[in-house]
2 protein chains.
Amino acid sequence: MAPSPAPRGARTATLTDVARLAGVSVATASKALNGRNHVSAATRERVAEAAAQLSFSPNSLARGLLAGRTGTVGLLTSDLVGRFSLPILMGAEDAFGAGEMSVFLCDARGDAIRERHHVQALLSRRVDGLIVVGSSTDPRPPLAAAVDVPVVYAYAPSENPEDLSIVPDNVGAGRMAVEHLIACGRTRIAHISGDRGFSAARDRAAGALAALADAGLAPVGEVAYGTWQEGWGRAAAAMLLDREPDFDAVLCGSDQVARGVLDTLRERGRRVPEDVAVMGFDDWRVMTTGARPQLTSVDMNLEELGRTAARALFEAIGAEHGRGVRTVQCRVVVRGSTAPGT
Amino acid sequence: MAPSPAPRGARTATLTDVARLAGVSVATASKALNGRNHVSAATRERVAEAAAQLSFSPNSLARGLLAGRTGTVGLLTSDLVGRFSLPILMGAEDAFGAGEMSVFLCDARGDAIRERHHVQALLSRRVDGLIVVGSSTDPRPPLAAAVDVPVVYAYAPSENPEDLSIVPDNVGAGRMAVEHLIACGRTRIAHISGDRGFSAARDRAAGALAALADAGLAPVGEVAYGTWQEGWGRAAAAMLLDREPDFDAVLCGSDQVARGVLDTLRERGRRVPEDVAVMGFDDWRVMTTGARPQLTSVDMNLEELGRTAARALFEAIGAEHGRGVRTVQCRVVVRGSTAPGT
DNA sequence: AAAGGTTCCGAAAACCTTTTCGGATCGCCG
DNA sequence: CGGCGATCCGAAAAGGTTTTCGGAACCTTT
């Protein structure tokens, strides 16, 4: 049996219908359904029954029109296809869903025109706030249009320091990774990074070098920048083996690079983790758990970042708006490539 | 310079303001801005100027309240974290964005309670339609609540054949894959599938076997079901080499399985594609392009599936609602693992 | 100059809910 | 029995837009 075959055209019940059925005025019906005072228990009951019978659902548009707040926010991503938007999105959706907020999703596809268009549409829908999710951690220009609702930038900070931005702590992540390797007893550590054009690569490298210096260690070779791909990992590992064969750990710019490094190390007869420990970045499960051995990685806590952005926006709605850049801590996820037996 | 520092509290301009500034009535202002007749060119110009000056943006809530249509749709996913929702989402968002529709995103996280709650919220916001995106191609129960707007199920079809569902053609995909292998001159084809519990695995196997039979060929060994992971690919390939070493192609249930198979084949001295051709499913770029050699795969065209679902919903809004299951074609993406030199 | 037609504009209703405030009813006390 | 307080209910306005329809002004034609 289909669940009450959609009565198309049968205008959905309004509060007036409920009131009529319950034999009260709309005002009373409203108060009864919203738990306001000055309604007798009996009346409240009658109204509730009537509402249930008509499967009444209050029209949020009318409510929003009156209240001046809609209970909606816009989530503007610049690149949905990218791997990093999604977890942030999930975290934000999660945090808002709990707070009775609904989320408009817009993907600008990296196009400024489309972005402006989407912002206009969202403002026209009277969203209470906006989260702008970038596709890399490099700063991005602030929204072009004049926006009269709070805006929170997530992942990619705004170039305007007056805006509120939530970003992962890549420097801390690099530091954390090296500290883990040192804790595993490694001292001859090389860093095969990703694309030098990304601040994520540079920040992680900076954190890693700082942690090495703090421990009185020098890196093995230069930081090797390339791409974020497996192929670069394979090539860079080969070069490292040729030039600086005396290393006992490799910190990689991404999980994909680490996969490539693992492949080359295995082919060249180095055992992981016995001879060489290997770490990745991003903790992309499909990459880390499919690897042999499973790959230790640094999780950027993107879902938490999304939740944080959502909470920040939520606070900014109605209250005064925060400013500046806030970071979210990363965390090391230990697997077999650095610690045997895990 | 910050772009006009958000004038909080400075009530956004309304049509009344525009009308006053232009020295006309709200009715005229409305008609002027919406390109209606019965407005002189001069007046239209004056109103447009006033609107621009106040950076007027019409209140969609009021408009929706009046029109009975909001220009919004709900996108209800059951599992955002899964790899398949996202491209569908993108396709849908793309198709709707072009049509001036805005998309509410909700993730039910596979929880029926949460799903019902989200549906209620969406109906309360008076969405014009609903797309329900599943996390696997297995049929799912139809929405529990009585919904009086069109619903389209994407990826996972509804169990109710009266509903409209858009799904990938997995049988056709399996057939297509085998046909490609045969076209590459292979005749001794094995199939290492994924998790038997998924209809996607069974459908692809059925299509593959049908194509083999059509070509007068028999598969090498049984269809091997396991998981969707790399580890299963490695293990299954090893077993295949032990039991039925005489094969010249392996069709894998997923790109991850194919990665595992590639690893084992390389380690056991079989060259790809010279000795053995290997194919995956899903065309997950990070898996296929990182592999050595790059992996031929079958793309399910999920983005197109999302667009198709969006278009179907769009048509159903206002018109009569379609029924039944429609499929979207898959396509083979050829890379080095089946055809050398590509 | 009057009649008729054309062109443009404005008043008002409609959409649905919430809130305010005045009015009505009832019970209780003096 | 009158007055008072408490309790509950309803009329009406507000929110911003679109649409309908009546009215005003102007031009053309006889």
Side-chain angles (χ1 to χ4, degrees), chain A residues 9-48 50-51 54-72 100 121 123-128 148, chain B residues 9-48 50-51 54-72 100 121 123-128 148:
Chain A
R11 201 176 49 77
T12 62
T14 129
L15 190 58
T16 311
D17 303 331
V18 175
R20 184 164 34 225
L21 181 58
V24 298
S25 73
V26 284
T28 305
S30 171
K31 281 180 284 194
L33 292 176
N34 292 302
R36 291 282 175 288
N37 287 336
H38 306 297
V39 178
S40 71
T43 307
R44 198 180 296 276
E45 174 69 16
R46 267 212 326 287
V47 173
L54 299 174
S55 65
F56 167 76
S57 129
N59 187 324
S60 296
L61 294 161
R63 182 180 281 172
L65 187 56
L66 194 57
R69 292 186 55 241
T70 56
T72 61
E100 305 288 288
L123 291 179
S124 174
R125 296 200 184 277
R126 297 297 186 266
V127 293
D128 295 333
D148 57 356
Chain B
R11 201 177 49 78
T12 62
T14 125
L15 189 58
T16 311
D17 303 330
V18 175
R20 185 165 31 229
L21 181 57
V24 298
S25 73
V26 284
T28 304
S30 171
K31 281 179 284 194
L33 292 175
N34 292 302
R36 291 282 176 287
N37 286 337
H38 306 299
V39 178
S40 71
T43 308
R44 197 181 297 277
E45 174 68 16
R46 267 212 324 288
V47 173
L54 299 174
S55 65
F56 167 75
S57 129
N59 187 325
S60 296
L61 294 162
R63 181 181 281 173
L65 187 57
L66 192 58
R69 293 186 55 243
T70 56
T72 61
E100 305 288 287
L123 291 179
S124 175
R125 296 202 184 277
R126 297 296 186 265
V127 293
D128 295 333
D148 58 354

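Letters A, B, ... are given to chains in the order of the sequence lines, protein chains preceding strands, and every chain is numbered from 1. In what follows, every heavy atom counts, from backbone to side chain, and hydrogens, waters and symmetry copies are set aside.
In this structure, A:V18 and A:L21 have side chains that are not in contact, with every pair of non-hydrogen atoms separated by 4.5 Å or more. You'll find the side chain of B:T14 stays beyond 4.5 Å of the side chain of B:L54, heavy atoms only. Side-chain contact between B:N59 and A:L65: present, with at least one pair of heavy atoms (C-beta onward) separated by less than 4.5 Å. Side-chain contact between B:T12 and B:S57: absent, with no pair of heavy atoms (C-beta onward) separated by less than 4.5 Å. By the 4.5 Å heavy-atom criterion applied to side chains, B:V47 and B:V39 are not counted as neighbours.
Base-pair partner of C:dG4: D:dC27 (Watson-Crick or G-U wobble, both distances under 3.5 Å).
Residue contacts shown for B:S30 include a base, since a base heavy atom lies under 4.0 Å away. Residue contacts shown for B:T14 are limited to sugar-phosphate atoms, with no base heavy atom under 4.0 Å away. A:S60 comes within contact range of no nucleotide atom at all, as no heavy-atom separation falls under 4.0 Å.
Contact footprint of chain A on DNA chain D: nucleotides with an atom under 4.0 Å from a non-hydrogen protein atom, first to last in 5' to 3' order, D:dC8 to D:dG16.
The stretch residues 17-25 of chain A touches DNA chain D through A:V24, A:S25, each having a heavy atom within less than 4.0 Å of the strand. Within residues 61-71 of chain B, the residues having any heavy atom under 4.0 Å from DNA chain C are, by residue number, B:L65, B:L66.
For the pair B:T43 and C:dC9, the criterion of a side-chain N or O lying under 4.0 Å from OP1 or OP2 is met. Contact between the side-chain N/O atoms of A:R36 and the OP1/OP2 oxygens of C:dT18 is not found at any separation under 4.0 Å. Of the side-chain N and O atoms in B:N37, none sit less than 4.0 angstrom from OP1 or OP2 of C:dC8.
Mapping A:S57 and B:V39 onto DNA chain C by nearest heavy atom places B:V39 closer to the 5' end of the strand.
Taking CG of A:D128 as the start and OG1 of A:T70 as the end, the distance is 4.0 Å to the nearest 0.5 Å.
Panel note: side chain B:R46, backbone B:A22; a donor-acceptor pair is recorded below 3.5 Å. Between the side chain of A:S60 and the backbone N or O of B:S124 there is at least one donor-acceptor pair closer than 3.5 Å. A side-chain donor-acceptor contact under 3.5 Å links B:R36 to the backbone of B:N34.
To the nearest angstrom, P of C:dT17 lies 14 Å from CZ of B:R125.
Across A:R44 and A:K31, no two heavy atoms sit closer than the pair NH1-O, 3.8 Å. Between A:F56 and A:L33, the shortest heavy-atom contact is CE2-CD1, 3.7 Å.
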